[in-house]
Number of protein chains: 2
Amino acid sequence: MNLRQLSEVLGLSQTTVSRALNGYPEVSEKTRVRVREAAERHNYRPSLRATSLATGRTMMIGHVIPLSAREEMVNIIFTDFLAGAGEIYAQNGYAMRLSVVSDADEVEIYEDMKANGVVDGVLLHAPSENDQRIPLLDSLKLPFLVHGRATGTETPYSWLDVNNRRAIQRATEHLLELGHRRIALLNGLESYDFAIRRRSGYLGALEAAWIAADTSLMRSNEMTEPFGYKAGGEMLDQPNPPTAFIASSFVMALGVRRAIEERGLIMGRDVSVVCFDDDISYLPNGSDKPIFTALKSSVRAAGRRCAELLIAKINDEMPEEQHEQWEAELVIGPSTGPAPSES
Amino acid sequence: MNLRQLSEVLGLSQTTVSRALNGYPEVSEKTRVRVREAAERHNYRPSLRATSLATGRTMMIGHVIPLSAREEMVNIIFTDFLAGAGEIYAQNGYAMRLSVVSDADEVEIYEDMKANGVVDGVLLHAPSENDQRIPLLDSLKLPFLVHGRATGTETPYSWLDVNNRRAIQRATEHLLELGHRRIALLNGLESYDFAIRRRSGYLGALEAAWIAADTSLMRSNEMTEPFGYKAGGEMLDQPNPPTAFIASSFVMALGVRRAIEERGLIMGRDVSVVCFDDDISYLPNGSDKPIFTALKSSVRAAGRRCAELLIAKINDEMPEEQHEQWEAELVIGPSTGPAPSES
DNA sequence: TTTAACAGCCAAATCGCTTTGGATAATTTT
DNA sequence: AAAATTATCCAAAGCGATTTGGCTGTTAAA
């Protein structure tokens, strides 16, 4: 049943039926009720295809996953972030459009989305330093919101981000206060802006404590369990091993723990570990008591908020670019303790 | 630039331009080249909105996430499965449409999708026993493919599934061969069909070995790390604890391991653990050597294959319903060993 | 040489909705 | 009672593609 058929059944014009259903005032309350009832009775649902051609809106929000970033992004971020965003989208009548795309096509896909008119807005993930997608989206006049930030970008844009620098700085300070001097950083890929900021927080705290950074204690890679295990193990096997680790993700910290335990050491006594915890629903940092000392910030909540901001932007309810910076919460767990005295 | 403008520029009719670009034969090779070049030059891209209204196809495939299942589904399945499916979609010009929906609306959403015409097909996740969505989708004549199976459903439908029964049966047999007699099962939610099949495999193996099932050794819940930890710990604290565990997911097995180690026991010596391993990219069961003895089957590969099958179905290249059952591979790791002798 | 077949192109209808610009009747204002 | 509003409703023009049914010349068959 389409609009024409419904209007014929009712003996009304398509205009009136359309207006009645969409709540326009040029329709008497009596007919509106009559139309609503008929629509209900005949199970009429407007074709979104036609509506979007007529209105230019698709009620879809685009998320692009570049193939190269699959390992890191799809999993860590897309998992809970999308669940959060999806909730808000649903509440507002939107749906998500995910497209996996090879890196070479990454610029073109945004032009396509604009020209094709398949989405009303775009959520940008995991920006790098000086991310080219931002000026591109801006020039395309496609509403977008960035989850994270891109240092060095001159185009103004709206974003929501965790204060990554401050978070890791606090993690480092916490370890310094416990007397640690050899603190390792297992970071995410430093092509991403968040990882750059985290390193900067780490280096800042060390510098403030007059400790020279040791490059043998700094590694950066995809945030997987095996990388945490491997890099952590190698550092522990060094002649002058670290007494503490900062891991950029919970999953990496699991790997570090495995390396520690495999060497007969005890986490929290012999070696301390702090991690950044995105508060992943099915991999929580302990349900009752935490496993790791961590800087915690819910990526699902971020997804929700990003969705809200983007929808506001699409609806032109955002007069100027908005920025939201969240502070991560320091949760003390059993994985950190005083630095072992030198022996 | 739209079709009309392009055709005006070329001095051709819209019909001819459309046909030239879409490879129809009623166009001379000379004009086709001319049209292609002009399209390229003017950066013409057909509006998907208009195309889909005209053709009735949207080049989108729907995935529905019911809110209640968020914890379990979004994460475990959606993570790698979507990455795999997304790859194939991209290769074929499709994109994914994710909608998060509250349970009450779950039936209606499919009717909506059909009536609205927003997707060309649907991928059904995590079917339960006698899943009502299957007859519904069938009656709606919306092409769909089920990842998993739904026991008790009479409607014929196409599916791809792992042989869950056989997998867990083999896991159980492996432990029995090692001499274990008290084997615990930590299963996923048994409202899902896969969990029912796994339990059935477990019970079947026990029965074949003339061992009575002990309900104090069977638990079922969301497949999270904390649940594995909690249930595993409680069982170990029982007067007559199990000597081996079967965990329905890798993440749960991590929880079990934590419970084991916390009690000063050694996994693989004092207590054995086998798990089902979906081969999650960022949480692999060890990169070089496995952590757990496991039944392994890549959920990402399943995503890829499901996408292929569904696309074939949409394109009417599937004469009758197809079924594909995959066998999980038994990987022996250090987490299993002979049952400790009674003392 | 006539006729049939075909290659190449086009005008116009179609998909199903929204929205503009009236038209008509009822109501209010003068 | 006439004029000006206002409340309701409608016809038709869009959105931008695809596709049906024809209309011309050319070429091949009779």
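A, B, ... follow the sequence lines: proteins, then strands. Residue 1 opens every chain.
- Look at CG on A/L3: it is 7 Å from P on C/dT18, rounded to the nearest Å.
- When the salt bridge (Lys or Arg N to Asp or Glu O under 4.0 Å) test is applied to A/E320, no partner is found at least two apart in sequence or on another chain.
- Remark: the A/T16 side chain and the A/S13 side chain contain an N/O donor-acceptor pair separated by less than 3.5 Å.
- Judged as a side-chain contact (heavy atoms from CB on, under 4.5 Å), and not counting sequence neighbours, the contacts of A/R41 are A/A38.
- Partners of A/E8 according to the side chain to side chain donor-acceptor pair (under 3.5 Å) rule, which considers only residues two or more places apart in sequence or in another chain, are A/R4.
- Side-chain N/O atoms of A/Y24 include one lying less than 4.0 angstrom from OP1 or OP2 on C/dT19.
- The end-to-end axis angle of the helix from C/dT1-D/dA30 to C/dT30-D/dA1, rounded to 10 degrees and based on five pairs per end, is 50°.
- A/S128 is linked by a side chain to side chain donor-acceptor pair (under 3.5 Å) to A/D131, counting only residues two or more places apart in sequence or in another chain.
- Side chains of B/D138 and B/T155: a donor-acceptor N/O pair is absent below 3.5 angstrom, by distance only.
- Note that the first and last nucleotides of DNA chain D, 5' to 3', having any atom under 4.0 angstrom from a heavy atom of chain B are D/dG16 to D/dG21.
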If the sugar-phosphate is the primed atoms plus P, OP1 and OP2 and the base is the rest, what is the B/S/- string for nucleotides 4-13 of chain C, using protein heavy atoms under 4.0 Å?
----SBBBB-

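- A/E111 is linked by a side chain to side chain donor-acceptor pair (under 3.5 Å) to B/R45, counting only residues two or more places apart in sequence or in another chain.
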Sequence neighbours excluded and cut-off under 3.5 Å, please list the side-chain donor-acceptor pairs for residues 54-62 of chain B, or say none.
residue, atom, partner, partner atom, Å
B/T55, OG1, B/T51, O, 2.8
B/T55, OG1, B/R57, N, 3.1
B/R57, NH2, B/Y94, OH, 2.6
B/R57, NH2, B/N315, OD1, 3.2
B/T58, OG1, B/M60, N, 3.4
B/T58, OG1, B/V118, O, 3.2
B/T58, OG1, B/D120, OD1, 3.1

Run A/R34 and A/E37 through salt bridge (Lys or Arg N to Asp or Glu O under 4.0 Å) and show every step you take.
CA-CA 5 Å; A/R34 198 161 68 91; A/E37 275 170 2; over 6 Å; no

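- Residues from residues 50-57 of chain A lying near DNA chain D, meaning a heavy-atom separation below 4.0 Å, are A/L53, A/A54 in numerical order.
- The closest donor-acceptor contact from the side chain of A/N92 to the backbone of A/I88 lies under 3.5 Å.
- Between the B/S52 side chain and the B/L48 main chain, a donor and an acceptor come within less than 3.5 Å of each other.
- Taking B/E321 as the reference, B/P156, B/S158, B/K313, B/H323 meet the side-chain contact (heavy atoms from CB on, under 4.5 Å) condition, with sequence neighbours excluded.
- In this structure, A/R49 has no side chain to side chain donor-acceptor pair (under 3.5 Å) partners at least two apart in sequence or on a different chain.
- Considering only side-chain N and O atoms, A/N2 lies nowhere under 4.0 angstrom from the phosphate OP1 or OP2 of C/dC15.
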